[in-house]
**Q** 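The structure under discussion is supplied below as structure tokens; questions concerning it will follow.
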Amino acid sequence: MSEIASSNPVPVPADFIRDIVTTHVAEKRYPQIITRFPPEPNGYLHIGHAKSICLNFGIAREYQGRCNLRMDDTNPAKEDLEYVESIQEDVRWLIRGWADHCLGLKAQGTGPIDEVIGGRTDYRMEAVMAADGVEREPFFASDYFEQIHRYAVQLIRLGKAYICDLSPADTEHYRGSPDRPGTDSPFRTRSVEENLALFARMTAGEFPDGARTLRAKIDMSSPNIWLRDPVLYRIRHVEHHHTGARWCVYPLYDFAHCLSDYLEGITHSICTLEFEVHRPLYDWILQALTLPRPLPHQYEFARLNLGYTLISKRKLMALVKEGLVSGWDDPRLPTLSGMRRRGVRPEALREFARSIGVTKYNALTDVAVLEKAIRDDLNRYATRRLAVLRPIKVVLTNLGETETVELTAVNNPEDPASGTRTIQLTREVWIEQDDFMEVAPPKYFRLRPGGEVRLKYACIIRCDDVVKDAAGRITELHCTAQFDTRTGGTNAAKKVKGTIHWVSASLGIPAEVRLYDRLFTEEEPEKDGRDFKSVLNPGSLSVVFGFIEPSLSGANLGENFQFERLGYFCLDSDNSATKRVFNRTITLKDAWAKESVKV
RNA sequence: UGGCCGAUGGUGUAAGGGUAGCACAGGGGUCUUUGAAGCCCCUAGUCAUGGUUCGAAUCCAUGUCGGCCAGCCA
């Protein structure tokens, strides 16, 4: 099956970042291209992260480089082990069969090693690839706390950082505003010795949370706020999920990130646009330390915005915490775990990422692009099966109660190698309620009183009688089967306008099927500052009980099916031996739905 | 009213001085034992105004519009 996917030549993407990397490769600027994907373990990964993962791992694989998976875990108050685990699972899932060989991890439990360069002790974090056969784990920024702390001491010695006693509120006041310069902290001129002593006491836990900070000494009047003596270290008497109680001072993102990149030998540190204004600080820190090895550089691209979708860990967290969805892996969520549960394959997500490109323009991507990628992937890959979601009974009056007709059905017309299976036609079958209309419009190709339609893989039937109950509701349709129109039959070539799917009423298996629609009724849920909770789609989940063909009793978690004429489906994790539960990944395109609304 | 970044069909994205191309969406047709898929065709665009140039989407200037930045979050 994977041969199908790989037999289609995948165009190598080009974008402004890859252009830069291509130039650097041509210049032989680096021995190897090393990128990184550095999520903070404070939530689950979503489709926005998928764009970043595809970019970073994509570059790594295109240039025979490596992409380090790193937990950017410098804020213990918000982070959790649950997230570091889900992140690993999601990343591995997304790059599976594509960039596994580029996944940079480190040997279990290791940290940076000392390295003396030019008489000066520096530090380096080594990656270990899968081929090396050792137990591995992701990188953790928190594994570098010791080294980062030493770099902070160096900065103090250089007179480029100081301990500030300003309260958080005062720090804010002194910072000024975008159009008004800040004011120097009264603690800015402390001696190196005093700063060193104070930093040591901070680190030793002598001061309460928020009492003091370590700040870079840059320029309080800089038009760039992030150069106005940014805070580098803060006091937090909190246990860390990875380092335990070892520290009570934690570096901030700006200080930890550039140094983590440096320690790992990252060549291209790719992040989203909102960090653009941080880049001068990123460069300042690395340059201030006059580090002996090549410095990483930061490049920024626009984060993903998707129609009818909320992409923000914080807001997804709100949906989860408030019980508006069933969990981080609710199939309606754009989380990787949610989409995986829904039946989206990593191939589709990768194709989506490729097709939207990488730019610095803050775009709103049409959700149809995602849907197209999912359908294209599943069309090629998914096994075809028959299922009826909203059943109505058809009695084939010319077939005996115990008679069955054996038929051959194609498993996937897009993939001849997938072969065929045998299905049984019986006297009573289920068809879709939508596939019969008592009073049908002219362009309706399906079953109507006196009309003919083909039962997929079987034969043409004619509707002779519509049977109703006392209340006038249709209970069943009496039809005659034209067996000579079967495949290979004497009248097989007979044409009718419509072909519909069906499931044997006596052999079919009942199943619960969960149908998903977009979570929001508005393309931009938060447009004009509106609360996204006010535009939740009440119909985003509907549950139906239908019948599936017998072979589906052998379905496994992780397999994708096309229920013919309906859409793509997969087993849900709620499935059990006694209760079949399927998710609809996405519908098939429905030309009739468009046609039928035309007057 | 500070700084940084951006602007190409409805939506995205190419073209980086030389014919504005591709995808999605939309429309039409064809095929069809999935009203799917496939195949064919169509619709539709360089934010504005100046300037440089034989020639500008591309370079320059100004303007307009949009995004980001004032966490001891990332």
Side-chain angles (χ1 to χ4, degrees), chain A residues 14-15 19 38-40 42 72-75 77-79 164 166-168 171-173 175-182 209-215 222-228 230-236 250 252-254 256-257 271-280 300 302 307 313-314 355-373 375-376 379-380 384 386 409-410 413-414 443-446 454-460 485-487 492-501 562-567 587-596:
Chain A
D15 54 65
D19 288 348
E40 182 187 14
N42 67 344
D72 203 0
D73 55 351
T74 57
N75 186 358
K78 291 188 174 176
E79 297 152 9
C164 182
L166 251 24
S167 69
T171 306
E172 192 183 322
H173 292 138
R175 184 157 36 228
S177 61
D179 56 349
R180 218 183 52 247
D209 287 4
R212 290 182 223 260
T213 57
L214 177 73
R215 293 230 255 162
S222 170
N224 183 339
I225 305 263
W226 293 101
L227 260 19
R228 320 242 265 228
V231 174
L232 266 24
Y233 259 95
R234 78 292 221 181
I235 302 172
R236 286 285 178 277
Y250 292 96
L252 274 97
Y253 165 83
D254 288 292
H257 203 87
C271 61
T272 45
L273 247 28
E274 63 269 27
F275 292 100
E276 214 162 10
V277 289
H278 293 241
R279 187 178 354 125
E300 311 87 9
K313 266 194 276 187
R314 214 194 87 241
S355 68
I356 60 175
V358 178
T359 67
K360 299 187 77 155
Y361 175 71
N362 207 287
L364 174 63
T365 299
D366 193 332
V367 71
V369 179
L370 206 216
E371 294 171 345
K372 165 79 174 166
R375 287 198 182 99
D376 279 357
N379 176 48
R380 269 173 285 151
R384 312 291 128 125
L386 298 179
V410 172
E414 302 289 325
K443 284 183 169 170
Y444 188 79
F445 300 158
R446 285 108 96 156
R454 180 176 283 278
L455 293 183
K456 179 87 179 176
Y457 302 124
C459 60
I460 293 171
T485 61
R486 276 182 59 187
T487 308
K494 179 172 175 181
K495 301 286 182 199
V496 284
K497 283 294 256 182
T499 298
I500 64 174
H501 58 277
Q562 183 196 100
F563 290 175
E564 295 210 41
R565 300 210 312 130
L566 293 172
T587 60
L588 249 27
K589 262 180 42 182
D590 187 354
W592 169 242
K594 273 180 196 166
E595 184 63 37
S596 62

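Numbered from 1 within each chain, the chains take letters A, B, ... in sequence-line order.
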**Q** Would you classify A77(A) as touching base, sugar-phosphate or nothing, given that sugar-phosphate means primed atoms plus P, OP1 and OP2, and contacts are heavy atoms under 4.0 Å?
**A** nothing

**Q** Taking any heavy-atom pair under 4.0 Å as a contact, classify K372(A): base, sugar-phosphate, or nothing.
**A** sugar-phosphate

**Q** Nearest 0.5 angstrom please: Y457(A) OH to T499(A) OG1, how far?
**A** 10.5 Å

**Q** If you only use heavy atoms from C-beta on, which nucleotide in rU34(B), rG12(B), rC5(B) is closest to the side chain of K456(A)?
**A** rU34(B)

**Q** Starting from P on rG71(B), measure out to CD on E40(A) and report it in whole angstrom.
**A** 18 Å

**Q** Once you round it to whole Å, what is the distance between C1' of rA74(B) and CD of E276(A)?
**A** 17 Å

**Q** In whole angstrom, what separates H501(A)'s NE2 from rU34(B)'s P?
**A** 13 Å

**Q** If you measure from NE2 on H257(A) to CG on D72(A), what distance do you get to the nearest 0.5 Å?
**A** 5.5 Å

**Q** Need the pair for rC47(B). Rule: Watson-Crick or G-U wobble, both distances under 3.5 Å, any strand; none if unpaired.
**A** rG63(B)

**Q** Can you identify which nucleotide, out of rU34(B), rA7(B), rG35(B), has its nearest atom closest to the K443(A) side chain?
**A** rG35(B)

**Q** Give me the distance, rounded to whole Å, that separates rG18(B) from rC60(B) when you measure between the P atoms they each carry.
**A** 15 Å

**Q** With rounding to the nearest 0.5 angstrom, report the CD to CG distance, Q562(A) to L386(A).
**A** 10.0 Å

**Q** Check every atom of rU34(B), rU1(B), rA70(B) against the side chain of D179(A) and return the nucleotide holding the closest atom.
**A** rU1(B)

**Q** Which base, if any, makes a Watson-Crick or G-U wobble pair with rG26(B), both distances under 3.5 Å?
**A** rC42(B)

**Q** Compare the ring of W592(A) with the six-membered ring in the base of rG35(B) and state whether they stack (centres under 5.5 Å, planes under 30°).
**A** yes

**Q** Scan every strand shown for a Watson-Crick or G-U wobble partner of rU33(B), both distances under 3.5 Å, and answer none if you come up empty.
**A** none

**Q** Evaluate whether the aromatic ring of F445(A) and the six-membered ring of the rG35(B) base sit under 5.5 Å apart, centre to centre, with an inclination under 30°.
**A** yes

**Q** What is the distance, rounded to the nearest whole Å, between atom CG of D15(A) and atom P of rC22(B)?
**A** 21 Å

**Q** Using the C1' atom as the reference point in each nucleotide, state the distance between rG28(B) and rG35(B) in Å, no decimals.
**A** 16 Å

**Q** Please measure how far the C1' atom in rU62(B) lies from the corresponding atom in rU52(B), and state the result in whole Å.
**A** 15 Å

**Q** Suppose we define a pair by two distances each less than 3.5 Å, Watson-Crick or G-U wobble; what does rC54(B) pair with here?
**A** rG18(B)

**Q** Do the side chain of T487(A) and the base of rU33(B) come within less than 3.5 angstrom through a donor-acceptor pair of N or O atoms?
**A** yes

**Q** Below 4.0 angstrom from OP1 or OP2 of rG27(B), is there any side-chain N or O of K594(A)?
**A** yes

**Q** Base, sugar-phosphate, or nothing for Y444(A), non-hydrogen atoms under 4.0 angstrom?
**A** base

**Q** Closer than 3.5 angstrom, by distance alone: can the side chain of R236(A) be matched with the main-chain N or O of D209(A) as a donor-acceptor pair?
**A** no

**Q** Identify the heavy atoms of L252(A) and T74(A) that sit nearest to each other, and give their distance.
**A** C-OG1, 4.5 Å

**Q** So I500(A), base contact, sugar-phosphate only, or nothing? Heavy-atom distance under 4.0 Å.
**A** nothing

**Q** Nearest whole angstrom, please: distance from the C1' of rC5(B) to the CG of N224(A).
**A** 12 Å

**Q** Rounded to whole angstrom, note down the P distance from rA25(B) over to rG12(B).
**A** 15 Å

**Q** Please check this pair: side chain of R384(A) against backbone of E564(A), looking for a donor-acceptor N/O pair closer than 3.5 Å.
**A** no

**Q** Rounded to the nearest 0.5 Å, what separates atom CZ in R486(A) from atom CZ in R454(A)?
**A** 11.0 Å

**Q** Between K589(A) and rG35(B), is there a contact of a side-chain N or O with OP1 or OP2 at under 4.0 Å?
**A** no

**Q** Please give, in whole Å, the distance from rG71(B) C1' to L166(A) CG?
**A** 15 Å

**Q** Reckon P280(A) touches a base, only the sugar-phosphate, or nothing at all at heavy-atom distances under 4.0 Å?
**A** nothing

**Q** Any side-chain N or O of R454(A) under 4.0 Å from OP1/OP2 of rU34(B)?
**A** no

**Q** To the nearest Å, give me how far apart CG (D366(A)) and P (rG10(B)) are.
**A** 14 Å

**Q** Any base atoms under 4.0 Å from Y250(A), or only sugar-phosphate, or nothing? Heavy atoms, all strands.
**A** nothing

**Q** Quantified in whole Å, what is the C1' atom distance between nucleotide rC69(B) and nucleotide rC24(B)?
**A** 33 Å

**Q** In whole Å, what separates the C1' atom of rU58(B) from that of rG45(B)?
**A** 16 Å

**Q** Determine the interatomic distance between P on rC47(B) and the same-named atom on rA7(B); round to the nearest Å.
**A** 9 Å

**Q** Rounded to the nearest 0.5 Å, what separation is found between the NZ atom of K78(A) and the CD atom of E40(A)?
**A** 7.0 Å

**Q** Name the nucleic acid region contacted by R212(A), choosing base, sugar-phosphate or nothing; use a 4.0 angstrom heavy-atom cut-off, strictly under.
**A** nothing

**Q** Base, sugar-phosphate, or nothing for Q562(A), non-hydrogen atoms under 4.0 angstrom?
**A** base

**Q** May I ask you to verify if any side-chain N or O of K78(A) is less than 4.0 angstrom from the OP1 or OP2 atom of rA74(B)?
**A** no

**Q** Base, sugar-phosphate, or nothing: which does R446(A) touch, judged by heavy atoms less than 4.0 Å apart?
**A** base

**Q** Should we say atom NZ of K494(A) is surrounded by more than 12 heavy atoms from elsewhere, each under 6.0 Å from it?
**A** yes

**Q** Looking only at side-chain atoms of L252(A), point me to the closest of rG12(B), rC72(B), rA36(B).
**A** rC72(B)

**Q** Indicate, with a heavy-atom threshold strictly under 4.0 Å, whether K497(A) touches base, sugar-phosphate, or nothing.
**A** nothing

**Q** Is R314(A) close enough to rA74(B) that one of its side-chain N or O atoms is under 4.0 Å from OP1 or OP2 there?
**A** no

**Q** Does L273(A) reach a base, just sugar-phosphate, or nothing at all? Heavy atoms under 4.0 Å.
**A** nothing

**Q** Which part of the nucleic acid does R175(A) contact within heavy-atom distance under 4.0 Å: base, sugar-phosphate only, or nothing?
**A** sugar-phosphate

**Q** Atom CG of N362(A) and atom P of rG66(B): how far apart are they, to the nearest Å?
**A** 13 Å

**Q** State which of rU34(B), rA74(B), rA70(B) makes the closest approach to the side chain of P413(A).
**A** rU34(B)

**Q** Please determine whether any donor N or O and acceptor N or O are separated by less than 3.5 Å between the side chain of H278(A) and the base of rA74(B).
**A** yes

**Q** Looking at every strand, decide which applies to T359(A) at a 4.0 Å heavy-atom threshold: base, sugar-phosphate, or nothing.
**A** sugar-phosphate

**Q** Counting distance alone, no hydrogens or angles: does the base of rU34(B) have a donor or acceptor under 3.5 Å from a partner atom on the side chain of R565(A)?
**A** no

**Q** Apply the syn/anti split at 90° from 0 to rG28(B) and say which one it is.
**A** anti

**Q** Should T74(A) be listed as having a side-chain N or O under 4.0 Å from OP1 or OP2 of rA74(B)?
**A** yes

**Q** Could you tell me the Watson-Crick or G-U partner of rG9(B), where both distances fall under 3.5 Å? Say none if there is no partner.
**A** none

**Q** Give one of base, sugar-phosphate or nothing for L227(A), where a contact means two heavy atoms less than 4.0 Å apart.
**A** nothing

**Q** Rounded to whole angstrom, note down the P distance from rC5(B) over to rG63(B).
**A** 16 Å

**Q** Where does the angle between the aromatic ring planes of Y253(A) and H278(A) fall among parallel (under 30°), tilted (30 to 60°) and perpendicular (over 60°)?
**A** perpendicular

